Amino acid sequence: MDYKRTIVITGGAGFIGSHVVRLFVNKYPEYKVINLDKLTYAGNLANLKDVENAPNYSFVKMDICDFDAFYQLMKDEHIDGIIHLAAESHVDRSIKDPFCFARTNVMGTLSLLQAAKLYWESLPEKYEGKRFYHISTDEVYGALEMTHPEGIEPPFSTKASSASHHEAYGTDFFYEDTRYNPHSPYSAAKASSDHFVRAYHDTYGMPTIVTNCSNNYGPNQFPEKLIPLFINNIRHRKALPVYGKGENVRDWLYVEDHARAIDTIFHHGRVAETYNIGGFNEWKNIDIIKVLINTVDRLLGREEGEDLNLITYVTDRLGHDARYAIDSTKLQKELGWEPSLQFEEGIEKTVRWYLDNQEWMDNVTSGEYEKYYESMYAKR
Ligand code: NAD
Ligand code: TYD
């Protein structure tokens, strides 16, 4: 079949990438969707079982740092769109092994950019109809202060924040023009990759877009991140290692809402622009942990709150950012995107998914990961 477009989604076997691949494969049968992933510990093709036989889907196992292989793929498949999610993504790992983050997130991104440049510039139409869309994080902006620890009403309404939890922990937000100020090796590497992407637009005219999203939650997230890790630990009555006092604030968005935003921006976003993605949905870690405990307890037929005693305060993460809060007004006004789910609804769906998919959890937590987790947490 002749496809209208051929796009590569890097990191498509990971958490967010798998939701983006599923959305594109199902929504655009006229597109050929190539999932390019190295399948690190975080990549899992089981995340895509439901689309693996779709005629417009294919998988390529490749390291984004392999310039020659990617350049060849660009030529062979006549790629006209790249949605780039592949990355090392966990802050705690970046603190232990920053080199790996520089290699994948910086050099890998640069390698994709250069291969895309060489291929697209060799075509008669050059960059026309092409797009290099880079997925980044709000963490590149640094950390916000908690100026109103007791919570204030934000001056806007959104579907992601529910009526029972509609507060912001400060008066300031991350805007698209907030100065970059990354603190962790993870966010420093992501910031660097963002700069390279913009440099390819400014220097060579490549049609790039960058988006910076807040913390995602939902099915298929690797259980080293707060929400799936804690759901699994509550289920198995293992300690919940809360860093510091549990007062750090994160801004949470359901992963399918992020995937929908990526779809909207890939098709309708303006070239060379930056869009922040988030649902104005700030939570202190300790509050979210209590919601998780109550939800898991209820769904397992335990008494709600029975497992509160699992909360274990441990040594704080080095350089732990106090607060992230995204202002996504530009995306909402310009492209009409808004989150579809309220947080309680999203958390209920998420907890149910992990409880119903214990096999998925067992598969990803066995073997090497188990050893890594034990070594990270043994001393706490
Ligand atoms: P993830 O760790 O779940 O998945 C990353 C994927 O990239 C995995 O499938 C992995 O195998 C693949 N990968 C890693 N190194 C690779 C390499 N060298 N070559 C090819 N593939 C490689 O990450 P995620 O949480 O889904 O995040 C995806 C992207 O979104 C990242 O760029 C991340 O910075 C960004 N992001 C994540 C969040 C979040 O809350 N998770 C929020 C904002 C932005
Ligand atoms: P995480 O899911 O790692 O995302 P990020 O660091 O990118 O925001 O962590 C979310 C918050 O939860 C963060 O403030 C760190 C905290 N946290 C814990 O308190 N304990 C844990 O075991 C983990 C993994 C995270």
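Atoms within each ligand, like the ligands themselves, are counted from 1 in listed order. Because the structure is a prediction, the values reported are computed rather than measured. Only heavy atoms go into these numbers, but all of them, side chains included; no hydrogens, no water, no symmetry mates. When a residue number appears, it is its place in the shown sequence, counting from 1.
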Should [X] be listed as contacting ligand 1, given a heavy-atom distance under 4.0 Å as the test?
X: Ser136; result: yes
X: Ser18; result: no
X: Met62; result: yes

Run down the list Asp66, Val60, Asp37 and name the one with the heavy atom closest to atom 12 (C) of ligand 1. Asp37
Ligand-side contact atoms (ligand 1) for residue partner [X], heavy atom cut-off under 4.0 Å:
X: Tyr186; value: 33 (C), 34 (O)
X: Ile135; value: 30 (O), 32 (O)
X: Asn215; value: 40 (O)
X: Ser214; value: 42 (C), 43 (C)
X: Ser89; value: 1 (P), 2 (O), 23 (O)
X: Asp63; value: 17 (C), 18 (N), 19 (N)
X: Ala86; value: 7 (O), 21 (N), 22 (C)
X: Leu39; value: 11 (O)

Taking distance alone, with no angle check, do [X] and ligand 2 share an N/O pair under 3.5 Å?
X: Glu139; value: yes
X: Pro241; value: yes
X: His320; value: yes
X: Tyr324; value: no
X: Arg317; value: yes
X: Asn215; value: yes
X: Asn285; value: yes
X: Leu226; value: yes

Applying a heavy-atom cut-off of 4.0 Å, say which part of [X] lies close to ligand 1: side chain, backbone, both or neither.
X: Thr104; answer: side chain
X: Thr10; answer: neither
X: Cys65; answer: neither

Within the structure, does [X] bring an N/O atom to less than 3.5 angstrom of an N/O atom in ligand 1?
X: Leu85; value: yes
X: Glu88; value: no
X: Cys213; value: no
X: Thr40; value: yes
X: Asn216; value: yes

Ring centers of [X], [Y] separated by less than 6.0 Å:
X: His267; Y: Tyr31; value: yes
X: Tyr200; Y: His134; value: no
X: Tyr217; Y: Phe343; value: yes

May I ask you to say whether [X] pairs ionically with [Y], meaning some side-chain N is under 4.0 Å from a carboxylate O?
X: Arg260; Y: Asp257; result: yes
X: Glu88; Y: Lys38; result: no
X: Lys130; Y: Glu125; result: yes
X: Lys330; Y: Asp177; result: no
X: Arg237; Y: Glu306; result: yes

With heavy atoms only and a cut-off of under 4.0 Å, state how Asp321 meets ligand 2: side chain, backbone, both or neither. neither
Hey, is Tyr186 touching ligand 2 through its side chain, its backbone, both or neither, going by heavy atoms under 4.0 Å? neither
Common cluster, Leu112/Met206, ILVMFWY with side-chain heavy-atom separation under 4.5 Å: yes
Among all protein non-hydrogen atoms, which one is nearest to atom 41 (N) of ligand 1, and what is the separation to 0.1 Å? Ile16 CD1, 3.7 Å
